[in-house]
Amino acid sequence: MKLLKIKVPSRFKMLAKDFEINFMTKTRINKDAPNNDLIELEEDFYYPIETVFIGKNSSGKTTSLSLVCAVLGFLDTGRIRNDFTWEGETFELETIFYTNGIIYKYKGSFAKDDNNNGEFLIIKNESLEKTTMKDSYKKDLSNAAFFKEHGFAPNVGMDTSNVVRFALSNAEFNGSTDAIGYSADWFGVYYNILGESTFNALLHLFDDSIESIVPFEENGKANGYIFRRVGGNNPLTVPSRYFRDYLSAGTLRGINLYGLSILAFKKGGTIVVDEIEKSFNRNLIENLIIMFNDKTINKNNASIVYSTHYSELLDTNNRCDNINVLHRVSNEITLKNVHADYDCRTDMLKSGQFNQNVFDTLINYDRLIELKETLRK
């Protein structure tokens, strides 16, 4: 399953009315080129492996990615968590997604339950339509003819939509590093699914002073890890709640980022990462992107959605239609696409144009000078 579009018709948090994220390719595809940075969903219907969000601090990157995570989670489970919206806020959603040869358009309206403080939002209304791909749709779905999905039963008044029957693929994995943070809770999952050798290769990439980490269970429940350093005499048995004290923040986040990505390589799906460069040097991130673009590793069409302040990451592939620029003016967040909304020079590196402030994403130097003058006084 791949998201093609997300639209929020009503004002949501600080997003502008009718805020839209378009994941589809927007430029011509040279079919004679390798196109390693694209997924071919159908013949001549391509999808970008990477979708990137850039912008100043407080421009809306985290809000936008939280929206993407909420929609992916909704299509996986049929639910949206209660804490996703502000108090008294109604959330309206339109999303178009592709799965198993069908394009679906879902519309729904959600709100908190007035009668109790349930864990998930209540569905006020919802509908599902579908169509199949045509040549005229491959760059633009605005004129696509959708028809009612008669097998879909709206679940109005409940907290779980039946849309999951049409969207969920049991073989797929969608995940967000922010949902895990700097914990070791998923290490046992990585170890069991990836196997000991792959997990240890992942571990050694981030900390080669550790020989091995092996999860253990008590009474059928994961309870901690057996931890051994290189050259250490005896392994340590460390309960899960204390394990983060034995690893650096970069190692914890790195194993989670690479671990989730490897699960996506194995099962397909989408990984969402806010501030992908946080706790890492640039080389580690560039090589992760290279692995996503390597079809001998990424065999199941995994994709990655991320935000970054590293302008050099924009140069890791030749595309610019997968780069979205966020701006916040007063209390309204808007989105522009580098290909569709900027005169992006193809003879210059995108990082060079970023650093020349073509996308209006650099620090406000007037504010910086003001701070310096205040400090001098």
Side-chain angles (χ1 to χ4, degrees), residues 1-23 50-97 106 108-112 118-123 159 161 163-164 167 173-183 186 253 256-257 260-261 264 269-279 303-309 322-329 331-337 361:
M1 186 273 295
K2 292 299 181 189
L3 291 176
L4 303 182
K5 281 189 178 183
I6 299 174
K7 184 177 180 179
V8 183
S10 60
R11 284 296 300 269
F12 169 69
K13 297 189 176 180
M14 288 186 289
L15 300 182
K17 189 176 185 297
D18 292 327
F19 182 88
E20 181 178 284
I21 303 173
N22 183 348
F23 295 90
E50 301 170 57
T51 301
V52 189
F53 292 82
I54 61 174
K56 297 178 182 178
N57 287 333
S58 193
S59 62
K61 297 186 297 297
T62 299
T63 300
S64 300
L65 290 185
S66 69
L67 173 63
V68 175
C69 287
V71 174
L72 285 172
F74 173 70
L75 295 175
D76 275 348
T77 67
R79 291 172 157 183
I80 297 178
R81 297 191 66 84
N82 195 344
D83 56 8
F84 179 67
T85 59
W86 288 354
E87 193 65 36
E89 193 174 47
T90 298
F91 175 57
E92 295 181 25
L93 169 68
E94 294 182 13
T95 184
I96 300 176
F97 59 94
Y106 174 87
S109 178
F110 306 82
K112 295 187 178 181
E119 186 177 357
F120 300 97
L121 297 179
I122 298 299
I123 299 167
D159 65 5
S161 172
V163 70
V164 68
F173 175 81
N174 297 315
S176 166
T177 56
D178 288 332
I180 300 171
Y182 291 90
S183 77
W186 277 63
R253 193 168 190 265
N256 282 324
L257 173 58
L260 292 179
S261 299
T270 301
I271 300 301
V272 182
V273 190
D274 193 15
E275 294 187 20
I276 195 170
E277 71 276 4
K278 187 164 56 178
S279 301
S303 53
I304 182 168
V305 179
Y306 64 91
S307 67
T308 185
H309 295 280
N322 62 339
I323 303 173
N324 300 293
V325 186
L326 290 155
H327 293 99
R328 181 172 64 86
V329 178
N331 286 320
E332 185 171 272
I333 296 168
T334 59
L335 179 147
K336 293 183 177 181
N337 180 267
T361 52

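Note that the structure is predicted; figures quoted are calculated from it, not measured.
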Under the side-chain contact (heavy atoms from CB on, under 4.5 Å) test, which residues partner Ser58, sequence neighbours left out?
Arg328
Specify the closest pair of heavy atoms between Ile333 and Gly60, including all atoms of both residues, with the distance to one decimal.
CD1-CA, 3.6 Å
List the residues meeting salt bridge (Lys or Arg N to Asp or Glu O under 4.0 Å) with Asp274, not counting sequence neighbours, and say none if there are none.
none
Side-chain heavy atoms of Asn256 within contact of Tyr182, under 4.5 Å:
no
Is Ile6 close to Val68 at the side-chain level, that is, under 4.5 Å between some pair of heavy atoms?
yes
What distance do Ser176 atom OG and Leu257 atom CG have between them, rounded to the nearest 0.5 Å?
10.5 Å
NZ (Lys336) with more than 12 external heavy atoms under 6.0 Å:
no
Taking the side chain as every heavy atom from C-beta outward, state whether Ile54 and Ser307 have any atom pair closer than 4.5 Å.
no
Could you check whether any side-chain heavy atom of Leu335 comes within less than 4.5 Å of a side-chain heavy atom of Phe53, counting everything from C-beta outward?
yes
Could you tell me the separation between the NZ atom of Lys112 and the CD1 atom of Ile122, rounded to the nearest 0.5 Å?
12.0 Å
Could you pull out every donor-acceptor pair under 3.5 Å between side chains of residues 14-22 and any protein atom, sequence neighbours left out?
| from | atom 1 | to | atom 2 | distance (Å) |
| --- | --- | --- | --- | --- |
| Asn22 | OD1 | Met24 | N | 2.9 |

Please identify each residue that fulfils side chain to side chain donor-acceptor pair (under 3.5 Å) with Ser303, with sequence neighbours left out.
Lys2, Thr270
With sequence neighbours excluded, what pairs up with Glu94 under the side-chain contact (heavy atoms from CB on, under 4.5 Å) test?
Lys7, Pro9, Lys107
Hey, are the side chains of Asn82 and Phe120 touching, using non-hydrogen atoms and a 4.5 Å cut-off?
no
Residues in side chain to side chain donor-acceptor pair (under 3.5 Å) with Lys13, at least two apart?
none
As an exercise, state the distance from CG of Leu326 to NZ of Lys56, rounded to the nearest 0.5 Å.
12.5 Å
Residue list, ring-ring contact (aromatic ring centres under 6.0 Å, His included) with Phe91, at least two apart or on another chain
Phe12, Phe84
Assess the residue pair Phe173 and Leu260 against the criterion (side chain to side chain contact (heavy atoms under 4.5 Å, CB included)); give the C-alpha distance rounded to whole Å, side-chain angles, the decisive distance to 0.1 Å, and a yes or no.
CA-CA 9 Å; Phe173 175 81; Leu260 292 179; 3.5 Å; yes
Could you state the interatomic distance from CZ (Phe23) to CG (Asn324), rounded to the nearest 0.5 Å?
8.0 Å
Taking atom CG of Asp159 and atom CZ of Phe110, what is their separation to the nearest 0.5 Å?
10.5 Å
Residues passing the side chain to side chain donor-acceptor pair (under 3.5 Å) test with Ser161, sequence neighbours excluded, are Glu126
Measuring from Leu93:CG to Leu67:CG, what's the distance to the nearest 0.5 Å?
7.5 Å
Minimum side-chain heavy-atom gap Val71-Tyr106 below 4.5 Å:
no
Hey, is the main chain of Ile180 close enough, under 3.5 Å, to the side chain of Ser183 for a donor-acceptor pair?
yes
Give the table of side-chain donor-acceptor pairs shorter than 3.5 Å for residues 72-81, with sequence neighbours excluded, one pair per line with atom names and distance.
| from | atom 1 | to | atom 2 | distance (Å) |
| --- | --- | --- | --- | --- |
| Asp76 | OD1 | Asn174 | ND2 | 3.3 |
| Asp76 | OD2 | Asn174 | ND2 | 3.2 |
| Thr77 | OG1 | Gly73 | O | 2.8 |
| Thr77 | OG1 | Arg79 | N | 3.2 |
| Arg79 | NE | Thr160 | OG1 | 2.8 |
| Arg81 | NH1 | Glu119 | OE2 | 3.1 |
| Arg81 | NH2 | Glu119 | OE2 | 3.0 |

Should Ile276 and Thr177 count as side-chain neighbours, where that means a heavy-atom distance under 4.5 Å?
no
Worked verdict on Ser59 versus His327 for side chain to side chain contact (heavy atoms under 4.5 Å, CB included):
CA-CA 5 Å; Ser59 62; His327 293 99; 5.7 Å; no
Taking only residues two or more places apart in sequence or in another chain, which ones pass salt bridge (Lys or Arg N to Asp or Glu O under 4.0 Å) with Arg253?
none
Tell me, please, which residues at least two apart from Thr308 pass side chain to side chain donor-acceptor pair (under 3.5 Å).
Glu277
Is the shortest side-chain heavy-atom distance between Lys61 and His309 below 4.5 Å?
yes
